[in-house]
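Accompanying notes for the structure given below.
In this text, all values refer to a predicted model and were calculated from it rather than measured experimentally.
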Amino acid sequence: MRGECYDMTRHDVTEGMAPKMRTRGTTRTLQSSNDEETKTNAHSEDSPLEVGQAVRGKRKGSGKTGKQESSKAKKSPERPQYCHWLMKSEPESRLENGIDVKFGIEDLKTLPNQTGCWDGVRNYQARNFMRDMKEGQHAFFYHSNCKEPGIAGVMKIVKESYVDHTQFDKKDVHYDASSKADNPKWSMVDVQFERMLKRFIPLSELKKIHLQHKVKGGSLNGMALFTRARLSVQPLTTEEFEFVLSLEDNDPL
């Protein structure tokens with residue numbers, strides 16, 4: 001399905017084959033596209049260092065007495081728990097290494113049971129967000145790296161994270177020679193189309209609202225789409241998700 005690197009939406013880096021188009025999620029493979037702001041697939045914006053890494057505590061000597069007291073290991077702050085997501089994918093054809101990375105929401109709808117795997121994510125933070133996903137949670141399908149980027153519809157997580165097979169496929173644009181079968185680096189989830197939004201909500205409209213909320217306060221003040229724009233897989237708070245959903249009933253700004 002998609003991958004990540006930057007803005008390649010689902011396939012942060014690329015997806016699909018050319019001239020034979022490769023669907024992101026053919027029951028076993030939905031490619032993730034690049035994020036629109038940077039060309040996803042490797043989501044290079046995130047560093048391999050995972051968020052919330054624990055810091056080891058050091059033993060301190062007690063000076064004159066010579067006694068050693070162990071200081072408690074510093075606890076890393078707990079990662080927030082999210083239950084809504086935004087996942088980017090490219091709806092327009094773009095060849096990478098002879099492969100078409102196109103995968104839009106209409107492509108997801110054509111798959112058996114309208115379900116496919118969100119593969120090709122090659123950014124650690126985006127991967128970790130997928131590992132946090134739970135069956136039954138909802139995500140926006142975001143069209144990225146295209147003429148008019150924005151949110152097209154809603155999909156549901158139907159299978160929690162498991163090994164992304166494309167990392168071992170030398171013919172796949174998301175092949176990673178450094179990943180080993182006994183210690184795979186990359187994961188994916190299965191998603192199922194749920195519905196189109198009543199209207200397409202463009203990035204331009206979301207950006208206007210975000211800027212207003214930054215000044216006056218509001219639900220989209222800290223939305224990851226603007227604070228972590230290059231990520232192809234992003235978390236949303238319940239407040240953010242519900243606010244964006246409410247926009248489909250309003251006239252465009």
Side-chain angles (χ1 to χ4, degrees), residues 1-15 24-36 38 40-53 79-90 101 103 105 108 111 115-142 144 151 153-169 172-176 179 183-194 224-225 228-238 240-241:
M1 274 196 78
R2 305 31 321 203
E4 320 183 22
C5 264
Y6 316 112
D7 188 87
M8 281 165 82
T9 306
R10 262 217 15 160
H11 288 70
D12 299 337
V13 178
T14 105
E15 335 170 341
R24 236 175 178 161
T26 50
T27 306
R28 58 172 294 218
T29 303
L30 264 164
Q31 287 176 317
S32 66
S33 347
N34 311 324
D35 301 347
E36 104 222 337
T38 9
T40 306
N41 236 89
H43 278 195
S44 46
E45 143 183 331
D46 305 315
S47 79
L49 199 62
E50 300 186 8
V51 180
Q53 187 173 6
R79 293 177 61 191
Q81 298 299 305
Y82 295 99
C83 55
H84 297 93
W85 313 91
L86 181 148
M87 301 169 77
K88 297 181 179 182
S89 189
E90 295 184 59
V101 300
F103 187 81
I105 196 166
L108 176 60
L111 297 178
T115 300
C117 59
W118 203 268
D119 60 44
V121 172
R122 296 297 180 266
N123 168 276
Y124 288 119
Q125 190 171 24
R127 176 207 66 183
N128 290 346
F129 284 138
M130 287 201 300
R131 289 180 175 180
D132 288 342
M133 293 176 179
K134 302 299 180 187
E135 185 177 340
Q137 292 180 345
H138 289 90
F140 285 129
F141 195 120
Y142 181 96
S144 175
I151 297 173
V154 180
M155 54 190 179
K156 182 168 61 175
I157 309 304
V158 293
K159 183 174 180 179
E160 295 177 12
S161 67
Y162 61 105
V163 176
D164 179 352
H165 60 273
T166 64
Q167 64 194 301
F168 307 122
D169 184 354
D172 195 282
V173 293
H174 301 114
Y175 172 66
D176 183 353
S179 185
N183 187 26
K185 288 184 178 180
W186 308 111
S187 303
M188 62 185 180
V189 296
D190 284 359
V191 298
Q192 182 178 53
F193 170 81
E194 189 150 289
L225 186 61
R228 285 182 273 190
R230 294 169 68 185
L231 277 178
S232 64
V233 178
Q234 303 176 357
L236 292 171
T237 64
T238 298
E240 289 168 344
F241 184 83

For Phe168 and Ser179, the nearest pair of non-hydrogen atoms, with its separation, is CE2-O, 3.7 Å
Rounded distance (nearest 0.5 Å) linking atom CG of Leu86 with atom CZ of Phe141
10.5 Å
Show, in sequence, the C-alpha distance, side-chain angles and deciding distance for Met133 and Met87, and conclude whether the side-chain contact (heavy atoms from CB on, under 4.5 Å) test is met.
CA-CA 12 Å; Met133 293 176 179; Met87 301 169 77; 3.8 Å; yes
Quick one: pull up CG in Asp164 and CG in Asp176 and give me the separation to the nearest 0.5 Å.
10.0 Å
Arg127 side chain reached by Ser161 side chain, heavy atoms, under 4.5 Å
no
For Val189 and Gln137: C-alpha separation, side-chain torsions, deciding distance, then whether side-chain contact (heavy atoms from CB on, under 4.5 Å) applies.
CA-CA 12 Å; Val189 296; Gln137 292 180 345; over 6 Å; no
Check whether any side-chain heavy atom of Ile157 sits under 4.5 Å from a side-chain heavy atom of Asp190, and report yes or no.
no
Please list, chain by chain and in numerical order, all residues satisfying ring pair (Phe, Tyr, Trp, His ring centres under 6.0 Å) with Phe241, sequence neighbours excluded.
His84, Phe140
Kindly compute the distance separating NE2 (His138) from CE (Met155), expressed to the nearest 0.5 Å.
11.0 Å
Non-neighbouring partners of Glu135 that pass side-chain contact (heavy atoms from CB on, under 4.5 Å), sequence neighbours left out
Glu160
Heavy-atom side-chain proximity of Leu236 to Trp85 below 4.5 angstrom
no
Backbone of Lys156 reached by a side-chain donor or acceptor of Glu194 within 3.5 Å:
no
List in chain and number order the residues that pass side-chain hydrogen bond (donor to acceptor under 3.5 Å, both in side chains) with Lys185, two or more places apart in sequence or in another chain; answer none if no residue qualifies.
Ser178
Residue pair Phe129, Leu231: steps toward the side-chain contact (heavy atoms from CB on, under 4.5 Å) verdict:
CA-CA 10 Å; Phe129 284 138; Leu231 277 178; 3.8 Å; yes
Below 6.0 angstrom between ring centroids: does that apply to Trp186 and Tyr162?
no
Spacing of Thr166 atom OG1 and Arg122 atom CZ [to the nearest 0.5 Å]
4.0 Å
Gln234 and Ala224 have their tightest heavy-atom pair at OE1-C, 3.4 Å
Please identify each residue that fulfils side-chain hydrogen bond (donor to acceptor under 3.5 Å, both in side chains) with Asp132, with sequence neighbours left out.
Arg79
Flag side-chain contact, heavy atom, 4.5 Å: Met188 against Lys159:
no
Identify, with sequence neighbours excluded, every residue that meets side-chain hydrogen bond (donor to acceptor under 3.5 Å, both in side chains) alongside Ser187.
Arg131
